[in-house]
Amino acid sequence: MTTVILKKGEGRTLKAGGAWIYNNEIDRIDGDFTNGDIIAVHDFDGYPMGQGFINTKSTITVRMLTRRRDIVIDEAFLEQRVRDAWTYRKATVDTSSCRIIFGEADFLPGLVVDKFSDVLVVESLALGIDRLKPLILNKLTNILAEDNISIRGIYERSDAKVRLLEGMERVKGFLSAPFDTRVEITENDVRYIVNVAEGQKTGFFLDQKYNRLAVRRLCRNARVLDCFTHTGSFALNAGMAGASEVLGVDASETGIRQAEENAALNALSDRVRFLCADVFDLLPQLESEGERFDVVILDPPAFTKSRSATRQAVKGYREINLRGMKLVKDGGYLATCSCSHFMDPELFAKTIREAAVGAHKRLRQVEYRTQSPDHPILWSGDQASYYLKFYIFQVCEEK
């Protein structure tokens, strides 16, 4: 087997539990290979570190599949990885719609598989896993069939820009016979139409499933503002909880149309309405008009996807949180989150604290949450799987 030899003193992230080896950590590569092949990894002194797949076109040159040198990576190996992932989901979440495979956190680096009712949506972000994708999907559909779950279609959403960094093309399309890509799902008793072909990422953000549920208990008879509503998920949960009035805001006309359709699907159009607007422009306007809400929800997209852009992202998070707090009635509630891995928990907490000072508000923490368990956080050196930070606060005037 081709062997990657690390430089002396390198591989610190790998040794701390991470799954990636960067190109500047490699001393040499012994043996012939084709990018995407499975190779062995040794430390500088020959100590075996495990096996992974290689791609010299990527800054992340090796992604680890196993820490063991004595395992053969074959069909049986991949089947066990998939079976373990499904067994975990059955024990931890509602599996009617859930993320079944979450890349490195399920020890299948670069691969995401979401289940929306009886449809699978696949995102492949690495060359090595792309080669294994057909076999993995075959194993997954067979394992689901053992639980009498019949998958009627598979759609690929490998259209993220990060594939270009792997020397791969961005692709999307059917991996099965064509089917209606507008799929109806139910989550927390709320019905949604998920467009797996045209929606963001894989079509719907499953990671907020139980955070949406956590907010519901605060929304009965409340006036609620849901910012960055996307297709209306937090707004609809507020409506289902008995909110008196809900306004969902998003800059995407497509998202707003979908949110309105979802509201009608749940017979909530009389209490839940949506507005297409830029949140950064709308919040100061609402403040100047004297609007106040019992609950304000901030669920923005990732303001940074790189460490170098974090400083600018902090300004964005600080601004929306300051504006959001000013719109909360005294004693009302703010739910706020960040889905950027680079906005680490400490920095996010610091940013919220600064926003509270600027808004002259006192915050009482109700709870802190992360992503749904079907997006497991793998404790490792890089912590790449820990990305969603979600707070609920009571917002009080200075006393």
Side-chain angles (χ1 to χ4, degrees), residues 13-21 36 38-41 48-53 60 62-151 154 156-158 175 202 206-207 209-210 370-388:
T13 297
L14 176 66
K15 293 167 186 175
W20 297 348
I21 298 173
I38 295 169
I39 52 85
V41 177
M49 307 291 289
Q51 303 173 61
F53 44 76
I60 306 170
V62 179
R63 299 175 189 250
M64 301 298 288
L65 279 166
T66 177
R67 296 309 184 93
R68 296 175 58 180
R69 61 175 176 174
D70 57 338
I71 284 182
V72 177
I73 299 175
D74 55 10
E75 286 194 29
F77 172 91
L78 294 172
E79 180 175 342
Q80 191 60 53
R81 283 280 196 264
V82 174
R83 189 176 297 278
D84 289 346
W86 177 239
T87 299
Y88 166 80
R89 269 68 185 185
K90 289 193 292 182
T92 58
V93 294
D94 165 26
T95 58
S96 59
S97 292
C98 68
R99 177 155 293 183
I100 300 179
I101 296 174
F102 184 40
E104 284 76 354
D106 283 302
F107 312 106
L108 290 168
L111 183 67
V112 168
V113 181
D114 285 344
K115 174 182 177 291
F116 297 110
S117 186
D118 56 356
V119 166
L120 299 180
V121 183
V122 184
E123 182 180 40
S124 172
L125 301 177
L127 179 60
I129 209 72
D130 212 54
R131 288 184 174 187
L132 301 174
K133 178 179 63 185
L135 178 57
I136 291 171
L137 293 174
N138 176 261
K139 297 296 183 185
L140 177 55
T141 54
N142 290 339
I143 288 168
L144 293 175
E146 293 174 7
D147 286 329
N148 298 314
I149 298 172
S150 177
I151 297 300
I154 304 176
E156 180 164 24
R157 286 296 304 270
S158 300
L175 295 180
T202 60
L206 293 164
D207 52 2
K209 178 184 297 188
Y210 297 118
T370 59
Q371 61 247 36
S372 176
D374 53 344
H375 298 63
I377 297 171
L378 182 66
W379 282 41
S380 61
D382 54 14
Q383 285 287 290
S385 60
Y386 182 11
Y387 66 94
L388 182 60

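No salt bridge links Asp114 with Arg157; every basic N to acidic carboxylate O contact stays at or beyond 4.0 Å. The pair Arg99-Asp106 does not count as a salt bridge, with every side-chain nitrogen at least 4.0 angstrom from each carboxylate oxygen.
One distance of note links OG1 of Thr66 with CD of Gln51; it measures 6.5 Å at 0.5 Å rounding. Between atom CD1 of residue Ile101 and atom CG of residue Leu108 there is a gap of 5.5 Å, rounded to the nearest 0.5 Å. Taken to the nearest 0.5 Å, the NZ atom of Lys209 stands 6.0 Å off from the CG atom of Leu206. Here Leu140 contributes atom CG and Ile100 contributes atom CD1; the two are 5.0 Å apart, rounded to the nearest 0.5 Å. One distance of note links CG of Asp74 with CD of Glu79; it measures 10.0 Å at 0.5 Å rounding.
Among pairs with a residue in residues 73-93, none fulfils ring pair (Phe, Tyr, Trp, His ring centres under 6.0 Å), at least two apart in sequence or across chains.
In this model, a donor atom of one side chain and an acceptor atom of the other lie less than 3.5 Å apart for Asp84 and Gln80.
Using a 4.5 Å cut-off on side-chain heavy atoms (C-beta onward), Thr141 and Leu120 make contact. Side-chain atoms of Val93 and Tyr210, non-hydrogen and from C-beta on, do get closer than 4.5 Å to each other.
Closest heavy-atom contact between Lys115 and Ile149: CE-CG2, 3.8 Å. Pairing each heavy atom of Gly17 with each of Ser380, the nearest pair is O-CB, 3.0 Å. The nearest pair of heavy atoms linking Glu104 to Trp20 is OE2-NE1, 2.7 Å.
Counting only distance, with no hydrogens or angles, the side chain of Arg89 and the backbone of Thr95 share no donor-acceptor pair below 3.5 Å. At least one donor-acceptor pair closer than 3.5 Å links the side chain of Gln371 to the backbone N or O of Leu388. Of the possible donor and acceptor atoms, none in the side chain of Lys90 sits under 3.5 Å from a partner among the backbone N and O of Thr92.
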Let me have the donor-acceptor pairs involving side chains of residues 125-136, under 3.5 Å, with sequence neighbours excluded, atom names and distances please.
| residue | atom | partner | partner atom | Å |
| --- | --- | --- | --- | --- |
| Asp130 | OD1 | Ser124 | OG | 2.6 |
| Asp130 | OD1 | Lys133 | NZ | 3.3 |
| Asp130 | OD1 | Arg163 | NH1 | 3.4 |
| Arg131 | NH1 | Asp37 | OD1 | 2.8 |
| Arg131 | NH2 | Asn35 | O | 2.8 |
| Lys133 | NZ | Glu156 | OE1 | 3.3 |
| Lys133 | NZ | Glu156 | OE2 | 2.6 |

